[in-house]
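First the proteins, then the strands, lettered A, B, ... as listed; each starts at 1.
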2 protein chains.
Amino acid sequence: MASPGRIPEATVARLPLYLRGLDAFPVGVTATVSSDELADLAGVNAAKVRKDLSHLGTYGTRGVGYDATFLRFQISLALGVANVWPVVVCGMGNLGRALANHTGFTDRGFPVVAATDSDPDKIGTIVDGVPVHAPSQLGDIVRRFDVAIGVISTPAGAAQGTADALVAAGVTSIMSFAPTVLSAPDEVEIRSVDLATELQILGFHLHRSRIAGDS
Amino acid sequence: MASPGRIPEATVARLPLYLRGLDAFPVGVTATVSSDELADLAGVNAAKVRKDLSHLGTYGTRGVGYDATFLRFQISLALGVANVWPVVVCGMGNLGRALANHTGFTDRGFPVVAATDSDPDKIGTIVDGVPVHAPSQLGDIVRRFDVAIGVISTPAGAAQGTADALVAAGVTSIMSFAPTVLSAPDEVEIRSVDLATELQILGFHLHRSRIAGDS
DNA sequence: AGACTCTTGTGAACTAATGCACAAGGTGTC
DNA sequence: GACACCTTGTGCATTAGTTCACAAGAGTCT
Ligand SMILES: NC(=O)c1ccc[n+]([C@@H]2O[C@H](COP(=O)([O-])OP(=O)(O)OC[C@H]3O[C@@H](n4cnc5c(N)ncnc54)[C@H](O)[C@@H]3O)[C@@H](O)[C@H]2O)c1
Ligand SMILES: NC(=O)c1ccc[n+]([C@@H]2O[C@H](COP(=O)([O-])OP(=O)(O)OC[C@H]3O[C@@H](n4cnc5c(N)ncnc54)[C@H](O)[C@@H]3O)[C@@H](O)[C@H]2O)c1
């Protein structure tokens, strides 16, 4: 069938990869891309590419491939990339500063418009163009800049409180780097990025292969 | 049955969460924890906890729960947490510095022992206790410190070259933050952490709910 | 001892995701 | 127009993961 239905979560997670892969094709120039090529560019297999894209609609041409520009447009549409979602960074420490300083976010429609930090020395300063406010200002910030996404890069102990404050301010999308479980109402979407866990998964496989392999 | 079999990937990804949840229980004190409690602590449901733990062995007591200390020990064993896996950070920019400065990694057995950077101003300096070397030194570093994991926090354009260098040096585990697909031999495990993609997934759901909800 | 209360461990049903394989449909050539 | 050649779109089988639901133990109380 065609476009309307629900898009599987696994597909949603790959759409940004396809979009990124399509950057290899210059804008303006008409070019076609096959599911095979796109698979290479996105690091998945071709069958997955076709199945994923079929959830958006039938935008390819049999025997030919997909029009790169048109496909980019359609994926962008599905992802809602045209929108700009202002981001507030909570906790302007090592990680928060790196995030605020990162141009890649703004480029993709996620400008970091403000930050909060509990450190009095930081409050009132402007770091890499991002003004740092007191945590108590969060509600104001969200309202003023129409913040859509909150990033939590505070220490773990302050994460739940920060999440509560974000939710209270009306933010329904949170990306957290704090190594804790956050609780929030069901309608709030939380994506937890736990780098230590990622390393531990790598460690697990290393461990396994060392046991199996040799001494 | 019991311990020997292969542990499903989804389970492996959750074991670190359980381990983290068990930190709520003081060491030395004997305490029991039920699958329900552990589920709360790890942010999953109880059935999953039990099924996951059953892959490690039958370490619980019916009607009682799991001994917290013993369970922690068994999960640690499965994950190979006792090992120390030295890490090299490639690309000592905003993100690399944040990673190198992060104590949470060393605490969990992933000490950042060295870094590389192509910037002549950075080479030879010591940032947060981590010495910065030229990329050409990578092989030496890996050998000298017995590096097990390479972190790629270079610009996207330098990521594949860095990955190649890591692989050539014998590193088989890579965590990359660069927004690119990396190719490497099959035996190399690559975990790609793409923060922009995470934001785009949040953006997708925001987009969807705004369309469905109201104007 | 027997009844009652817990909570584990696990078959079994269900759901999601992946990958295969091929018909359908399009292009180009003679 | 017929034929050869591509590549999509998708039905289907397979595999992976989740969730249910309950019997099997283990403790407790009377
Ligand atoms: N740095 C890393 O590479 C890294 C890696 C993995 C996970 N993390 C996690 O990310 C989080 C931040 O790490 P970091 O290295 O930037 O730590 P950090 O200590 O450098 O920064 C934390 C910042 O949060 C501020 N803060 C404290 N309480 C606050 C509150 N209630 N509201 C707003 N700000 C508050 C502090 O003043 C500080 O500036 C931690 O939870 C850490 O575990 C960091
Ligand atoms: N900063 C963030 O919050 C953030 C977020 C998402 C993704 N990323 C990605 O992480 C990567 C690093 O981001 P960043 O903000 O730290 O960038 P950055 O520009 O601050 O740092 C990159 C560093 O890599 C060094 N470098 C360049 N080529 C190198 C090479 N061949 N070998 C070793 N070092 C080399 C540069 O000298 C620089 O110091 C980028 O790919 C970026 O897209 C960063």
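Listed for the B:D67 side chain is a donor-acceptor partner under 3.5 Å among the backbone atoms of B:T69. Without hydrogens or angle criteria, A:E37 side chain to A:S34 main chain gives a donor-acceptor distance under 3.5 Å.
Going from atom CD of A:E9 over to atom P of D:dG17 covers 17 Å, rounded to whole Å. For A:I7 and C:dA17, the CD1 to P distance is 12 Å, given to the nearest whole Å. Note: CG (A:L56) to P (D:dT10) measures 12 Å, nearest angstrom. Remark: C1' of C:dT7 and CG of B:L38 are 13 Å apart, rounded to the nearest angstrom. Atom CG in A:L71 sits about 14 Å away from atom C1' in D:dG9, given to the nearest Å. What separates NE2 of B:H55 from P of D:dT18 is a distance of 9 Å, to the nearest Å. The CG-P distance, from A:D52 to C:dA17, rounds to 10 Å in whole Å.
For B:R108, the side chain to side chain donor-acceptor pair (under 3.5 Å) test picks out no residue, with sequence neighbours left out. For A:D40, there are no side chain to side chain donor-acceptor pair (under 3.5 Å) partners two or more places apart in sequence or in a different chain.
An OP1 or OP2 oxygen of C:dG19 is reached within less than 4.0 angstrom by a side-chain nitrogen or oxygen of A:K48.
With the end axes of the helix from C:dA1-D:dT30 to C:dC30-D:dG1 each set by five pairs, the angle from one to the other reads 10° at 10° resolution.
Salt bridge annotation for A:D23-A:R72: present, with a cationic side-chain nitrogen under 4.0 angstrom from a carboxylate oxygen.
A donor-acceptor contact under 3.5 Å links the side chain of B:K51 to the base of D:dT19.
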Exercise. Should A:F70 and A:Y59 be marked as a ring pair (Phe, Tyr, Trp, His ring centres under 6.0 Å) after you check the CA-CA gap, both sets of side-chain angles, and the distance that decides it?
Worked result: CA-CA 8 Å; A:F70 185 63; A:Y59 300 129; 5.5 Å; yes
Distances under 3.5 Å between protein N/O atoms and the N/O atoms of nucleotides 6-8 of chain D, please, pair by pair.
from	atom 1	to	atom 2	distance (Å)
D:dT7	O4'	A:G63	N	3.1
D:dT7	O2	A:G63	N	3.1
D:dT8	OP1	A:S35	N	2.6
D:dT8	OP2	A:S35	OG	2.6
D:dT8	O2	A:R62	NH1	3.2

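For residues 42-54 of chain A, the set of pairs meeting the salt bridge (charged side-chain N to carboxylate O under 4.0 Å, His left out) definition, not counting sequence neighbours, comprises A:R14-A:D52.
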Would you mind writing out the side-chain donor-acceptor pairs for residues 163-184 of chain A within the sub-3.5 Å range, not counting sequence neighbours?
from	atom 1	to	atom 2	distance (Å)
A:D164	OD1	A:Q160	NE2	2.8
A:S176	OG	A:A178	N	3.2
A:S183	OG	A:Q160	OE1	3.4

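Residue A:L53 is the one, among B:N45 and A:L53, whose nearest nucleotide of DNA chain D lies closer to the 5' end (criterion: closest heavy atom).
Remark: A:L95 CG to B:H102 NE2 distance equals 8.5 Å, nearest 0.5 Å.
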